[in-house]
Amino acid sequence: MRDVRITGTGQLLNLSRDLRRAGGPRLQRNFARRIRRAAEPLKDDLQQAVRTVPVRGDGGRKRGGPSPTTRPLRATIAAAIRISVRTSGNPGARIWIDRAALPPDMRAMPNRLDEGRWRHPVYGNRRRWAAQYASPWWDVTIRRHTARMTAEVERVIDDVQRDLS
């Protein structure tokens, strides 16, 4: 699974340089706020996608029961999705999963969930393993938002360039 970066490198770098030269912290804050606002719907949609991705077992015995942990997998991953916006250096927006916000035993789970299959011991019994399956959710959701995000970032760049001139 990759993080998402919204960059139009040439335009964003030039705009970042112009913002610094203009010395306008107000313009920089406005630019960052609008880029973040453009990325918020994607973050919300990614969180909704991971919360609702169907997870099914391998069809073995149907013993079931409550989870041995108190941490719901999909909600924990959804809470770790972040947005970061930079207006200098390599300007743009980045949407990513903060693995430090996940419990140590769940740090690989976003990738496993998106790959569609993972194995785990049944209730910690290492002699008995189960497989679980899910549908991809990260790239599918990103593709749905790519055109809107590109158009929105271009509109923000045009508006800020207009303010600078």
Side-chain angles (χ1 to χ4, degrees), residues 1-9 11-13 16 31-157:
M1 180 180 315
R2 299 173 309 271
D3 57 353
V4 180
R5 294 168 196 251
I6 298 146
T7 57
T9 51
Q11 284 181 310
L12 286 173
L13 285 171
S16 174
F31 175 62
R33 185 181 70 245
R34 290 187 63 194
I35 294 291
R36 177 177 293 279
R37 196 176 297 150
E40 282 290 338
L42 175 57
K43 176 189 169 202
D44 295 341
D45 210 16
L46 282 167
Q47 288 176 325
Q48 185 62 30
V50 74
R51 281 188 191 107
T52 59
V53 67
V55 175
R56 43 193 195 286
D58 59 2
R61 293 202 284 226
K62 304 286 186 214
R63 289 189 173 165
S67 170
T69 68
T70 57
R71 303 173 320 257
L73 171 68
R74 293 173 285 185
T76 304
I77 293 171
I81 296 175
R82 306 273 191 264
I83 296 177
S84 51
V85 176
R86 294 181 64 181
T87 57
S88 62
N90 184 15
R94 179 176 170 228
I95 299 175
W96 52 289
I97 295 178
D98 183 7
R99 299 199 190 278
L102 296 173
D105 60 335
M106 282 191 189
R107 292 197 175 138
M109 286 309 295
N111 288 0
R112 300 289 174 264
L113 199 59
D114 199 46
E115 288 167 3
R117 180 182 186 274
W118 68 96
R119 287 172 33 90
H120 61 87
V122 177
Y123 293 108
N125 179 357
R126 297 223 165 253
R127 288 180 285 160
R128 188 175 171 101
W129 288 73
Q132 288 193 273
Y133 304 91
S135 303
W137 58 279
W138 184 265
D139 289 334
V140 174
T141 307
I142 299 296
R143 270 188 242 112
R144 268 200 324 262
H145 284 267
T146 301
R148 183 195 60 79
M149 289 293 300
T150 303
E152 182 70 20
V153 169
E154 286 175 1
R155 192 170 63 89
V156 169
I157 289 170

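Closest of all the heavy-atom pairs between Arg117 and Ala131 is NH2-CB, 4.0 Å. Between Gly57 and Gln132, the shortest heavy-atom distance links the atoms CA-CG, 4.3 Å. Minimum heavy-atom separation, Ser84 to Trp96: OG-NE1, 3.3 Å. Taking every heavy atom of both residues into account, Met149 and Ala38 meet most closely at SD-O, 2.9 Å. Here the shortest heavy-atom pairing between Pro136 and Val140 reads O-CG2, 3.9 Å.
Formation of a donor-acceptor pair under 3.5 Å by the Arg128 side chain with backbone atoms of Val122 is not found in this model. A donor-acceptor pair under 3.5 Å links the side-chain atoms of Arg74 to the main chain of Val53, judged by distance alone. Under a 3.5 Å cut-off, the side chain of Arg82 and the backbone N or O of Arg94 do not form any donor-acceptor pair. Under the 3.5 Å distance criterion, the side-chain polar atoms of Asp114 are matched with a main-chain donor or acceptor of Trp137. Checking side-chain atoms of Arg107 against main-chain N and O of Leu102 turns up a donor-acceptor pair under 3.5 Å.
Within the 4.5 Å cutoff, the side chain of Ile77 has no heavy atoms near those of the Met106 side chain. Side-chain contact check for Asn111 versus Arg99: some heavy-atom pair is nearer than 4.5 Å. Two residues are said to be in side-chain contact when any heavy atoms from C-beta on lie closer than 4.5 Å; Ile95 and Ile142 fail this criterion. With contacts defined as side-chain heavy-atom distances shorter than 4.5 Å, the pair Arg34/Arg155 qualifies.
Rounded to the nearest 0.5 angstrom, Tyr133 OH and Glu115 CD are separated by 13.5 Å. Annotation: the span from Asp44 atom CG to Ile83 atom CD1 amounts to 7.5 Å, rounded to 0.5 Å. Note that the CD1 atom of Ile35 and the CD atom of Glu152 stand 8.0 Å from one another [nearest 0.5 Å]. Asp139 contributes atom CG, which lies 12.0 Å from atom CZ of Arg144 (distance to the nearest 0.5 angstrom).
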Would Arg37 and Glu40 count as a salt bridge (Lys or Arg N to Asp or Glu O under 4.0 Å) if you check the C-alpha gap in whole Å, the side-chain angles of each, and the deciding distance to 0.1 Å?
CA-CA 5 Å; Arg37 196 176 297 150; Glu40 282 290 338; over 6 Å; no
Show the numbers, then the answer: is there a side chain to side chain contact (heavy atoms under 4.5 Å, CB included) between Thr141 and Val50?
CA-CA 10 Å; Thr141 307; Val50 74; over 6 Å; no
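Around CZ of Arg119, the count of heavy atoms belonging to other residues, nucleotides or ligands within 6.0 Å exceeds 12.
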